[in-house]
Amino acid sequence: MRELIFVFGTLKEGFPNFARNAGRRLPGVFTTVERLPLYLVGERHSAWLVDRPGDGETVRGEVYEVDEAALAAMDALERVGAPDGYRRRRLRVVPAGATGASLEVFAYLKDPGQLAGADLRLGPLGEYTLEHAALYRARMAP
């Protein structure tokens, strides 16, 4: 089974966690159909896309086709299922600057309840850039 996944932060090509992305990139840049808030959070400056449709901006990112193993590795990186982790949910994206059919993809989003007490450093943003990535600090191994 192959799935499409929208990446908006450190899993993008040329970004800090790209080595963990074993997908095949679809050409171009994509934006979310819905506006969603994207923040840099905490001392690690982690990119959080929050599951609060209608707030924030349409967010730019990349779409990858992944197999089950690649998706499982991304789930592990994003701590899906952990109390402080992301949730993988479906949303729709379109090619940036183009009109046409949208794609249904997976993306990693934070529950809005996780924002309570979170240390918001920057945002909401429309795109996670290399300048933002320069601030990012990887999670320390346990």
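Every heavy atom of this structure was used, including side-chain atoms; hydrogens, water molecules and symmetry mates were not.
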Step by step, work out the side-chain contact (heavy atoms from CB on, under 4.5 Å) result for Ile5 and Val105. CA-CA 5 Å; Ile5 189 148; Val105 297; 5.9 Å; no
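- Glu104 is not listed as a side-chain neighbour of Phe6, based on a closest heavy-atom distance of 4.5 Å or more.
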Test salt bridge (Lys or Arg N to Asp or Glu O under 4.0 Å) on Asp111 and Arg87; report intermediate values, then the result. CA-CA 7 Å; Asp111 184 277; Arg87 298 182 322 193; 2.9 Å; yes
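- Between Leu109 and Val50, every side-chain heavy-atom pair lies at or beyond the 4.5 Å cut-off.
- Between Arg2 and Glu65, at least one side-chain nitrogen of the basic residue sits less than 4.0 Å from a carboxylate oxygen of the acidic one, meeting the salt-bridge criterion.
- The side-chain heavy atoms of Leu36 and Pro53, taken from C-beta on, include a pair separated by under 4.5 Å.
- The distance from the CG atom of Leu26 to the OH atom of Tyr64 is 9.5 Å, given to the nearest 0.5 Å.
- What you find for Ser102 and Val94 is that their closest heavy atoms are CB-CG1, 3.6 Å.
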Take Leu120 and Leu115, measure what side-chain contact (heavy atoms from CB on, under 4.5 Å) needs, and give me the verdict at the end. CA-CA 8 Å; Leu120 300 181; Leu115 277 180; 3.6 Å; yes
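- Judged purely by atom type and a 3.5 angstrom limit, Arg44 uses its side chain to pair as donor or acceptor with the backbone of Arg137.
- Between the OH atom of Tyr108 and the CE atom of Met74 there is a distance of 6.0 Å, given to the nearest 0.5 Å.
- Between Arg25 and Glu62 there is a salt bridge, since a side-chain N of the basic residue sits under 4.0 Å from a carboxylate O of the acidic one.
- Note on Phe8: it does not cluster hydrophobically with Val29, by side-chain heavy-atom contacts below 4.5 Å among ILVMFWY residues.
- No side-chain donor from either of Asp75 and Tyr86 sits under 3.5 Å from a side-chain acceptor of the other.
- Rounding to the nearest 0.5 Å places OG1 of Thr129 at 4.0 Å from NE2 of His132.
- No side-chain heavy atom of Thr31 sits under 4.5 Å from any side-chain heavy atom of Val93.
- Cluster annotation: Leu91 and Leu4 are assigned to the same hydrophobic cluster (Ile/Leu/Val/Met/Phe/Trp/Tyr, side-chain heavy-atom contacts under 4.5 Å, transitive).
- Under the 3.5 Å distance criterion, the side-chain polar atoms of Lys12 are matched with a main-chain donor or acceptor of Tyr128.
- A distance of 9.0 Å separates CZ in Arg35 from OG1 in Thr58, rounded to the nearest 0.5 Å.
- Here the CG-OG distance, from Asp119 to Ser46, works out to 10.5 Å after rounding to the nearest 0.5 Å.
- Between Asp51 and Lys110, none of the side-chain N atoms (NZ, or NE/NH1/NH2) sits under 4.0 Å from a carboxylate O, so this pair counts as no salt bridge.
- Among all heavy-atom pairs drawn from Gly23 and Val66, the shortest one is CA-CG1, 3.7 Å.
- Counting only distance, with no hydrogens or angles, the side chain of Thr32 and the backbone of Val59 share a donor-acceptor pair below 3.5 Å.
- Salt-bridge annotation for Arg90 and Glu3: present, with a side-chain N of the basic residue lying under 4.0 Å from a carboxylate O of the acidic one.
- Taking the side chain as every heavy atom from C-beta outward, Leu38 and Pro124 never approach each other to under 4.5 Å.
- To the nearest 0.5 Å, the span separating CZ on Phe18 from OG1 on Thr10 amounts to 11.5 Å.
- The backbone N or O of Leu11 sits less than 3.5 Å from a side-chain atom of Asn21, completing a donor-acceptor pair.
- Taking the six-membered ring wherever Trp is involved, the centroid distance between the rings of Tyr136 and Phe15 does not fall below 6.0 Å.
- Judged purely by atom type and a 3.5 angstrom limit, Asp67 uses its side chain to pair as donor or acceptor with the backbone of Ala70.
- Under the 4.5 Å side-chain heavy-atom criterion for ILVMFWY residues, no single connected hydrophobic cluster contains both Phe106 and Val63.
- Hydrophobic clustering places Leu130 together with Leu122 (ILVMFWY residues linked when any side-chain heavy atoms are closer than 4.5 Å, directly or through intermediates).
- With Arg121 contributing its side chain and Leu40 its backbone, the two residues share no donor-acceptor pair below 3.5 Å.
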Kindly determine whether Trp48 and Gln114 satisfy side-chain contact (heavy atoms from CB on, under 4.5 Å), including the steps that lead there. CA-CA 10 Å; Trp48 284 23; Gln114 291 176 284; 4.0 Å; yes
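- No side-chain heavy atom of Glu57 sits under 4.5 Å from any side-chain heavy atom of Leu125.
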For the pair Phe30 and Arg92, evaluate side-chain contact (heavy atoms from CB on, under 4.5 Å) and give the outcome as yes or no after the intermediate values. CA-CA 10 Å; Phe30 293 81; Arg92 298 199 80 74; over 6 Å; no
